[in-house]
**Q** 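Once you've had a glance at the structure underneath, I'll fire off some questions.
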Amino acid sequence: MDYQFAAIEQKWQKFWAENQTFKAETNSSKPKYYVLDMFPYPSGAGLHVGHPLGYIASDIFSRYKRLKGFNVLHPMGYDSFGLPAEQYAIQTGQHPAITTEANIATYRRQLDQIGFSFDWSREVRTSEPSYYKWTQWIFMQLFNSWYNLETDRAEDITTLIEKFNAAGSANIKAACDEDVKTFMPSDWATFTDEEKQVELLKYRLTYLKESTVNWCPALGTVLANDEVKDGFSERGGYPVEQKKMMQWSMRISAYAERLLQGLNTIDWPEPVKEMQRNWIGKSVGASVRFAISTENSQLKTANFIEVFTTRVDTIFGVSFIVLAPEHELVQALTTEAQKEEIAKYITQTKKKSELDRMADTKTVSGAFTGSYVINPVNQELVPIWIADYVLAGYGTGAVMGVPSGDQRDWLFAKHFNLPIIQILDAQKDIEVEADATKDGKYINSGFINGLTYKEATENLNNWLEENGVGKAKINYRMRDAIFGRQRYWGEPIPVYFKDGLPYLIKEEELPLLLPEIDKYLPTESGEPPLGRATDWSYENRYEYELSTMPGWAGSSWYWYRYMDAQNGNKFASKDAIAYWKDVDLYIGGSEHATGHLLYSRFWNKFLKDLGYVNEEEPFKKLINQGMIQGRSNFVYRVVDEEGKGTNTLVSYGLRKEYKTSALHVDVNIVENEILNINKFKEFRPEFANAEFILENGKYICGVEVEKMSKSKFNVVNPDVLIENYGADTLRMYEMFLGPLEQSKPWNTNGIEGVFKFLRKFWRLFHNEEWVFHINDSVPTKAELKALHKIIKKVQDDVERFSFNTSVSSFMIAVNELTDLKCKNRQVLEDLVVVLSPYAPHICEELWSLLGNTDLSNTAYPTFNPAYLEEAEFAYPVSINGKMKMNLNLSLSLEQDQAVEIVLANEQVQGYLEGKTPKKIIFVKGKIVNIVV
RNA sequence: GCUCGGAUGGUGGAACUGGUAGACACGCAGGACUUAAAAUCCUGUGCCCUCAACAGGCGUGCGGGUUCGAUUCCCGCUCCGAGUACCA
């Protein structure tokens, strides 16, 4: 029979499902291997060809690892809480759970069609109560924990209470809020329960905090920093404003250093690590307190300004201090004379939008407060300014201005005519621009004069600490993550309020179910949608938290649930966690670099601190698959003089001769840029009677790369390709497209080549009449060579995730075996095994036709290098590095013998034209190069 | 601006440690089969010169360098993509 892909694929998909072929057993004598895909959000649009790219790669890898004797865990699930289902619910009143369920069914059908080897018995859905029970449970653990900087790990809150009881708060080293109280053990004993709770909340790893949040009125929700782009929401592009709100936060900043250091232990793409490093934003420097000169200040209490600097060595070069306009001391520092100017500047700053501020980095602006600080190292008076180049949200919101060493400070000083003091003898041209050099010796710098950078920094840090005016300090850019959304379709936070203070519900009361509500909108009083729930309170008395968890909650631990997905008593059993440990290979898009991948590492470290999991890092190796872009096709409609479209369409090559407007055309009715005119008339009935101006009898379409989207008619649906060519062709073609990690536009041109390959492969096992036909003869040397070449090539390629090159090599192998008329059982059986991770259906079918069973648990053939050994090699002979000819020589020949034969060769002599070779390079098995 | 990628035929791409650039496909051209088309098969296909072959010249974004030899290593640029954005 000819290659009947549809029947074969259905047969084997059914077989795998019925036999649970890919069910992974926890505990096995085989070594474990955990291959994870980033689970999808099941959107209403279903899968397009870009989605499965990473899944196909991970599936090939999983199937390959199974053949190599590993116990492979390869699960799949759904990140099923999220905004689109809720937007849809708002519009239609349909419960998000219902749309989500329907979307998941579509996803499942589409995934099944591609023939993935997922262990579906471990499927998870983040919106299922049996799953989010454990998301809520982890939240409770975070609430019940604090970060002890002495042990450098999270601990149960009871250890903190013990410390308070024993010694008060004086010697506590913890990651906590800034406004914690200082108290004695005796004070603690007299605190009321409420007072204790207020204080403890400042230490908990998830805590309530009045935060300035990114409030998006159009979405009616708060957005995380990474969901805001240039002052607009990433989803929808609605304007975002700053608003103060009580919000749950996650104290991820406690883990900043560990998150940074951990990057050195994992095998991730360098750009992702770099993004995380930037996000964490560690800078090593010092904090310095500048006392405020009392002369004209109205300040009584806070009598200093604290700045953070990475160049404490430049402190003798300070000629001004700049505060962010939002800095809390600005009003108090402003003198009567400067009031008007400062007020004007602040208004002006407020008017500037985020975008303006960014576009406008070159204009220098600022205003003088009229007050001065005293530089602690030399007692000089330094003027205090405000300027919007200083950000309130970073460091202390105040910087020391050193114009000779920092270009922004230099511009500021020039503009406002402030002194520029040279501090290092190696600084050059500081009248022209700042020179940030660390070379040379200090000058004009009091007690550090003559020292080098390193000496000066150490010296100053010590001096500051001894004099109580500062100390060495490490600053991180990363802020705590806001952990609440004013939304319906998310995990309820397992918290209720009593006298305005948050308390956890009891563990046995989990899960706290999402209540039913009448509409998925905020309440009239502006409370989140959960405020609409009736009869929803804790113990019928206390109000529940009305925010739900953000999108990243459920995805921050899901890989552990796969280890033991059905467990009703724990998020996963100790045994399962001890066996599967961590994810060996994680494949997904780089858009999650600073969101999901950072939060997941944070929760993982936290769970490890509490002893629930064993590994410090969850994902050992990460691969980013490239984005598949859309590739749009266009037709060109001739436009008349008034600019109105006519009924004539002109082919791409001739469009310049007319006035035209380009129209998107469905890429699925275009093949190799040639338009199928009949289908086009169906696609756009208004052109049913259109005239087509053709070139060479064809209508050629224009092409452009754009985002893949319905409105651009460039969405290619895998279902259609599977119908026409089968899943095996789709899988191989997606890999054949190019390196996995590279972004590329989808182009269906060329899929025929892969399909033809599979037919040719099928034909290897059949005679002219399509009857299955193989023999049991002894394989020839040439057949074995072709086979072992591919055995080696595929194992090398898969191990380095170079799937595209294997596909080419398969084609070469099949071409060679076809030319050899190979019908040999031994060779073909091994070939089936080697190809099976890529094209599992056709291989299962042939495997069973060969009389075998259980392909998935067969061993990958052993490579035997002896079959590749050659006695001779066609050496390329080059003259002065230019390849001229090939010469067959025995590989046993050493340099001297080889050179002798080469020089004796008539053709070589011809090339030499009588000249004597100066030098002859001979690399065994590679090349002969004659230099004349 | 900074950081990280990338640039190879008409197209997707290959060349893994410096050793025959363009594998494998697509497309295109020609041919076979066919009443015809589709499918299939065969041949050719980097560019230039040449009727053609032989031979030759040029060729991996651009300009230099190291080397017997560079798509690969080094220096300096151009362009494209991604991330980030006054971080003190």
**Q** Hey, does A:Gln742 reach any base, or is it just sugar-phosphate, or nothing, if we go heavy atoms under 4.0 Å?
**A** sugar-phosphate
**Q** How do A:Glu752 and A:Lys884 order along RNA chain B: which one's closest nucleotide is nearer the 5' end?
**A** A:Glu752
**Q** Under 4.0 Å, counting only non-hydrogen atoms across every strand here, what does A:Ile921 touch: a base, just sugar-phosphate, or nothing?
**A** base
**Q** Should A:Asp796 and A:Arg800 count as an ion pair when the cut-off is N to O under 4.0 Å?
**A** no
**Q** Could you check whether A:Asp797 gets within reach of a base, just the sugar-phosphate, or nothing at all, counting any heavy atom under 4.0 Å?
**A** nothing
**Q** Give me the distance, rounded to whole Å, that separates B:rG59 from B:rC47 when you measure between the C1' atoms they each carry.
**A** 7 Å
**Q** Quantified in whole Å, what is the P atom distance between nucleotide B:rG1 and nucleotide B:rG56?
**A** 48 Å
**Q** Quick check on B:rG9: syn or anti? Syn means the glycosidic torsion is within 90 degrees of zero.
**A** syn
**Q** How many whole angstroms separate atom CD of A:Glu673 from atom C1' of B:rG27?
**A** 10 Å
**Q** Considering only side-chain heavy atoms of A:Met811, which listed nucleotide, B:rA25, B:rU3, B:rA15, is closest?
**A** B:rA25
**Q** Under 4.0 Å between a side-chain N or O of A:Thr310 and OP1 or OP2 of B:rC87?
**A** no
**Q** Of all the nucleotides listed (B:rA88, B:rC68, B:rC16), which has the minimum atom distance to the side chain of A:Asn929?
**A** B:rC68
**Q** Quick one: A:Asp796 CG to B:rC16 P, roughly how many Å, whole number?
**A** 12 Å
**Q** Report yes or no: is the cationic atom of A:Arg289 (NZ for Lys, CZ for Arg) closer than 6.0 Å to the six-membered ring centre of A:Phe304, at no more than 45° off its axis?
**A** yes
**Q** When we call it a touch if two heavy atoms are under 4.0 Å apart, what does A:Met883 touch: a base, just sugar-phosphate, or nothing?
**A** base
**Q** Quick one: is the NZ or CZ of A:Lys282 closer than 6.0 Å to the six-membered ring centre of A:Tyr476, and within 45° of its axis?
**A** no
**Q** How long is the line joining CG of A:Asn749 and P of B:rC24, in whole Å?
**A** 20 Å
**Q** Do A:Trp770 and A:Phe765 have ring centroids that are under 6.0 Å from one another?
**A** no
**Q** Rounded to the Å, how far apart are A:Phe873 CZ and B:rU20 C1'?
**A** 8 Å
**Q** For A:Pro739, report the nucleic acid contact type (base, sugar-phosphate, nothing); a contact means any heavy atom under 4.0 Å.
**A** sugar-phosphate
**Q** Below 4.0 angstrom, N of the basic side chain to O of the carboxylate: do A:Arg631 and A:Glu673 qualify?
**A** yes
**Q** At 4.0 Å (heavy atoms only), tell me whether A:Lys756 reaches a base, stays on the sugar-phosphate, or touches nothing.
**A** sugar-phosphate
**Q** With RNA chain B as reference, determine whether A:Arg311 or A:Asn880 sits nearer its 5' end, using the nearest nucleotide of each.
**A** A:Asn880
**Q** Can you tell me how far P of B:rA88 sits from CZ of A:Arg289, to the nearest Å?
**A** 21 Å
**Q** Which part of the nucleic acid, if any, lies within reach of A:Glu270 when heavy atoms closer than 4.0 Å are counted: base, sugar-phosphate only, or nothing?
**A** nothing
**Q** Pairing check on B:rG5: which nucleotide meets the Watson-Crick or G-U wobble criteria with it, both distances under 3.5 Å?
**A** B:rC80
**Q** Measuring only the P atom in each nucleotide, how far is B:rC58 from B:rC62? A whole number of Å is fine.
**A** 15 Å
**Q** Considering only side-chain heavy atoms of A:Arg800, which listed nucleotide, B:rC16, B:rA39, B:rC87, is closest?
**A** B:rC16
**Q** Tell me the interatomic distance from A:Tyr476, atom OH, to B:rA88, atom P, rounded to whole angstroms.
**A** 14 Å
**Q** Need one value for A:Lys793: base, sugar-phosphate or nothing, where a base atom within 4.0 Å counts as base even if backbone is also close, heavy atoms only.
**A** base
**Q** Are A:Tyr394 and B:rA88 close enough that a side-chain N or O sits under 4.0 Å from OP1 or OP2?
**A** yes
**Q** If B:rC73 has a Watson-Crick or G-U wobble mate with both distances under 3.5 Å, name it; if not, just say none.
**A** B:rG65
**Q** If you check every side-chain atom of A:Ser283, which of B:rA88, B:rA14, B:rC24 has the closest atom?
**A** B:rA88
**Q** Can you tell me, in whole Å, how much space there is between the C1' of B:rC26 and that of B:rG76?
**A** 38 Å
**Q** Name the nucleic acid region contacted by A:Phe736, choosing base, sugar-phosphate or nothing; use a 4.0 angstrom heavy-atom cut-off, strictly under.
**A** base
**Q** Taking only the side-chain heavy atoms of A:Val923 (C-beta and beyond), determine which of B:rG19, B:rU20, B:rA25 contains the nearest atom.
**A** B:rG19
**Q** Could you measure between the two C1' atoms, the one in B:rC33 and the one in B:rU50, and give it in whole Å?
**A** 35 Å
**Q** Would you indicate what A:Asn804 reaches in the nucleic acid, counting non-hydrogen atoms under 4.0 angstrom: base, sugar-phosphate, or nothing?
**A** sugar-phosphate
**Q** Would you say the ring centers of A:Tyr652 and A:Tyr699 fall short of 6.0 Å from each other?
**A** no
**Q** Report the distance from atom CZ of A:Arg277 to atom C1' of B:rC2, rounded to the nearest whole Å.
**A** 16 Å
**Q** Salt-bridged, A:Glu816 to A:Lys785, with N to O below 4.0 Å?
**A** no
**Q** Give A:Arg631 one of three labels, base, sugar-phosphate or nothing, depending on what nucleic acid heavy atoms sit under 4.0 Å from its own.
**A** nothing
**Q** Can you tell me the distance, in whole Å, between the CZ atom of A:Arg477 and the P atom of B:rU84?
**A** 9 Å
**Q** When rounded to the nearest Å, what value does the distance between P atoms of B:rG18 and B:rA70 take?
**A** 14 Å
**Q** When you compare B:rA23 with B:rC16, how far apart are their C1' atoms, in angstrom units rounded to a whole number?
**A** 14 Å
**Q** Any heavy-atom pair between the side chains of A:Gln795 and A:Phe863 that's under 4.5 Å?
**A** yes
